[in-house]
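Data block below; observations after.
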Number of protein chains: 2
Amino acid sequence: MDGVPQPTIERLVIYYRYLKKLVAHDDDKVISSLDLGHSVGVSAAQVRKDLSYFGEFGCKGVGYNVSNLKKSLEQILGFNQNWPIVLVGAGNIGRALVNYPGFKVMGLNIIAIFDCDLDKIGNRVGGLIVKSNKEIERVIKDKGVELAIIAVPVDEAQGVAEKLVKAGIKAIWNIAPVTLKLPDNVLVYYEDLASSLVTLTYRLSQKRLKARSN
Amino acid sequence: MDGVPQPTIERLVIYYRYLKKLVAHDDDKVISSLDLGHSVGVSAAQVRKDLSYFGEFGCKGVGYNVSNLKKSLEQILGFNQNWPIVLVGAGNIGRALVNYPGFKVMGLNIIAIFDCDLDKIGNRVGGLIVKSNKEIERVIKDKGVELAIIAVPVDEAQGVAEKLVKAGIKAIWNIAPVTLKLPDNVLVYYEDLASSLVTLTYRLSQKRLKARSN
DNA sequence: GAACTTTAGAGAATATTTTCACAAAAAAAG
DNA sequence: CTTTTTTTGTGAAAATATTCTCTAAAGTTC
Ligand SMILES: NC(=O)c1ccc[n+]([C@@H]2O[C@H](COP(=O)([O-])OP(=O)(O)OC[C@H]3O[C@@H](n4cnc5c(N)ncnc54)[C@H](O)[C@@H]3O)[C@@H](O)[C@H]2O)c1
Ligand SMILES: NC(=O)c1ccc[n+]([C@@H]2O[C@H](COP(=O)([O-])OP(=O)(O)OC[C@H]3O[C@@H](n4cnc5c(N)ncnc54)[C@H](O)[C@@H]3O)[C@@H](O)[C@H]2O)c1
């Protein structure tokens with residue numbers, strides 16, 4: 001059940017969202033890897049290979065039962081579990097994330113938001129009240145939280161990360177564009193918005209160069 | 001100059017940020033691939049390979065001149081160019097992105113923000129006034145904009161994307177979690193925040209399973 | 001200035017991920 | 001009931017990306 005490529009997991013989420021839309025519209029009872037792939041911009045072979053890491057979900061000559069496949073993906077991706085999450089940094093990005101309703105359907109629940117700025121502590125963000133950093137450890141331990149989001153300025157991220165790990169956090173999603181130095185047993189995933197955008201400008205330049213040389 | 005791995009570009013941005021910090025602190029005149037790599041969580045070989053796609057920047061037995069390498073990366077990544085960008089959707093994420101000062105140093109300039117909600121049009125976001133969707137085409141053509149960010153709800157994204165492409169947009173950074181159907185010559189990069197988080201919960205589950213089976 | 005140390009660059013070897021190709025199962029057509 | 005069509009699942013092949021290994025250049029030590 002391991003040895004699953006990283007990109008496969010991300011694509012499963014994409015398949016899931018499309019299937020959910022189909023179920024909601026009661027559009028189709030069954031879908032082929034070709035149609036599913038085409039709908040989400042992935043090859044049919046890739047769809048089948050991605051699913052094959054987890055078992056057999058389709059029927060030869062027919063395709064996949066939409067509703068069942070959706071349920072299987074929920075199971076695989078852990079959407080029926082509850083993942084309590086704490087978020088540090090009640091700034092622009094932090095507030096956007098807390099206000100976003102799309103995480104809940106995936107079992108992702110931001111249960112607390114922390115900040116060190118006295119002007120922000122006590123404010124309401126989404127359904128939460130911004131708490132002081134001083135409560136980080138207590139909340140994490142009380143609720144047995146393993147996953148945290150870091151949305152503080154670059155220079156604060158390392159310190160916040162260490163505090164989180166000390167409190168028991170096992171995985172961090174870091175939006176601050178800085179590499180964290182943490183024990184190997186802590187999972188860290190970097191969400192680097194600027195570098196994604198730069199990839200796009202880079203490819204745009206490449207295309208221009210190629211066009212010019214033709 | 002092509003055939004550069006996608007991940008290499010993203011890492012170059014990471015190297016760049018670290019070098020910028022060194023230059024600002026006047027910390028080091030020279031850095032080895034080992035030190036640079038170690039600082040940003042990448043192997044030394046990876047650092048050297050990444051740079052080798054673009055030329056020779058180091059000195060054997062010595063390392064890389066920090067300031068020169070930073071300048072070379074600026075050149076490679078197009079940070080000294082001006083990339084005007086339009087953003088559609090003055091919601092939570094859209095406003096966060098416009099307010100973020102970190103894009104400017106990479107030549108990324110959000111020059112206009114659009115929304116269709118009358119309550120939002122006319123509001124100030126960062127240094128910009130939210131404009132009506134009706135002005136999208138005019139602004140893009142007037143300013144020769146090629147790059148757009150989509151930050152509207154899922155169901156609106158396809159329509160907005162088509163409007164942008166018709167106005168001349170060549171590359172889209174889509175934050176709405178939905179696959180866009182656009183002509184092949186339009187570059188699309190998806191920023192899927194939820195799927196990143198799910199990858200993390202998935203890996204966390206895996207680790208738990210592995211720990212339990214030991 | 002000879003021997004040693006450090007470190008970039010590059011090609012080879014590995015590892016990872018995607019695509020291909022086809023057998024086998026299910027359904028549909030004849 | 002046989003043939004044809006559809007479509008999955010999978011092992012092999014291809015493509016992509018990373019790591020290893022070694023050479024040679026630059027600097028340092030003695
Ligand atoms: N806003 C964006 O679009 C964007 C894009 C890319 C990256 N980022 C990164 O995301 C992070 C947050 O960005 P933002 O725009 O939300 O910034 P922001 O300044 O709006 O918010 C940062 C928040 O963190 C709080 N904070 C500072 N130090 C803290 C600490 N030690 N403990 C707890 N809270 C602390 C501040 O009080 C503030 O509320 C930054 O690292 C930024 O580089 C943001
Ligand atoms: N906020 C998050 O943390 C988050 C996380 C993941 C994904 N997303 C995605 O990002 C997108 C935006 O999220 P958000 O939280 O900012 O939502 P939001 O509701 O706060 O903002 C959406 C904005 O788009 C505007 N809009 C709607 N239709 C439009 C149209 N046709 N043309 C122009 N403007 C239009 C709305 O008026 C609103 O201002 C959504 O697709 C969401 O799924 C957001």
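In the text below, chain A, chain B and the rest are named by the order of the sequence lines, each starting its count at 1.
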Side-chain N or O of B:S33 versus OP1/OP2 of C:dA8: is the shortest distance under 4.0 Å?
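For B:S33, the contact criterion (side-chain N or O under 4.0 Å from OP1 or OP2 of C:dA8) is met.
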
Looking at residues at least two apart in the chain, or sitting in another chain, which of them share a salt bridge (Lys or Arg N to Asp or Glu O under 4.0 Å) with [X]?
X	result
B:E74	B:K70
B:K166	none
B:K141	B:E137
A:K29	A:D26

According to ring-ring contact (aromatic ring centres under 6.0 Å, His included), who are the partners of B:Y100, at least two apart in sequence or on a separate chain?
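By the ring-ring contact (aromatic ring centres under 6.0 Å, His included) rule, B:Y100 matches B:F103.
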
Qualifying ring pair (Phe, Tyr, Trp, His ring centres under 6.0 Å) pairs, either residue in residues 58-93 of chain A, two or more places apart
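Of all non-adjacent pairs touching residues 58-93 of chain A, those that pass ring pair (Phe, Tyr, Trp, His ring centres under 6.0 Å) are A:Y16-A:F79.
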
Classify every nucleotide of nucleotides 21-30 of chain C by which part a protein heavy atom approaches to under 4.0 Å, writing B for the base, S for the sugar-phosphate alone and - for neither, in 5'-to-3' order.
B--BBSS---

Rounded at 0.5 Å granularity, tell me how far CD in B:E162 sits from CG in B:L164.
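One gets 10.0 Å once the value is rounded to the nearest 0.5 Å.
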
DNA chain C contacts made by residues 12-21 of chain A, counting heavy atoms under 4.0 Å:
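When residues 12-21 of chain A is checked for heavy atoms under 4.0 Å from DNA chain C, there are no hits whatsoever.
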
Can you list, pair by pair, the side-chain donor-acceptor contacts under 3.5 Å of residues 39-48 of chain B, counting residues two or more places apart and other chains?
| unit_1 | atom_1 | unit_2 | atom_2 | d |
| --- | --- | --- | --- | --- |
| B:S39 | OG | B:Y18 | OH | 3.0 |
| B:S39 | OG | B:D35 | O | 2.8 |
| B:S43 | OG | B:Q46 | N | 3.1 |
| B:Q46 | NE2 | B:D50 | OD1 | 3.2 |
| B:R48 | NH1 | B:S33 | OG | 3.0 |

Using whole Å, what does the distance between atom [atom2] of nucleotide [N] and atom [atom1] of [X] come to?
X	N	atom1	atom2	value
B:Y64	C:dT6	OH	C1'	13 Å
A:E56	D:dG11	CD	P	11 Å
B:L34	D:dT19	CG	P	14 Å

Strictly by salt bridge (charged side-chain N to carboxylate O under 4.0 Å, His left out), give each pair with a member in residues 53-65 of chain B just once, sequence neighbours left out.
none

Does anything in residues 167-188 of chain A form a salt bridge (charged side-chain N to carboxylate O under 4.0 Å, His left out)? List the pairs, not counting sequence neighbours.
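Listed once each, the pairs would be none.
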
At a cut-off of 3.5 Å, list every protein nitrogen or oxygen paired with a nitrogen or oxygen from nucleotides 14-18 of chain D, distance to 0.1 Å.
| unit_1 | atom_1 | unit_2 | atom_2 | d |
| --- | --- | --- | --- | --- |
| D:dT18 | OP1 | B:R11 | NH1 | 3.0 |
| D:dT18 | OP2 | B:R11 | NH2 | 2.8 |
| D:dT18 | O5' | B:Q46 | OE1 | 3.4 |

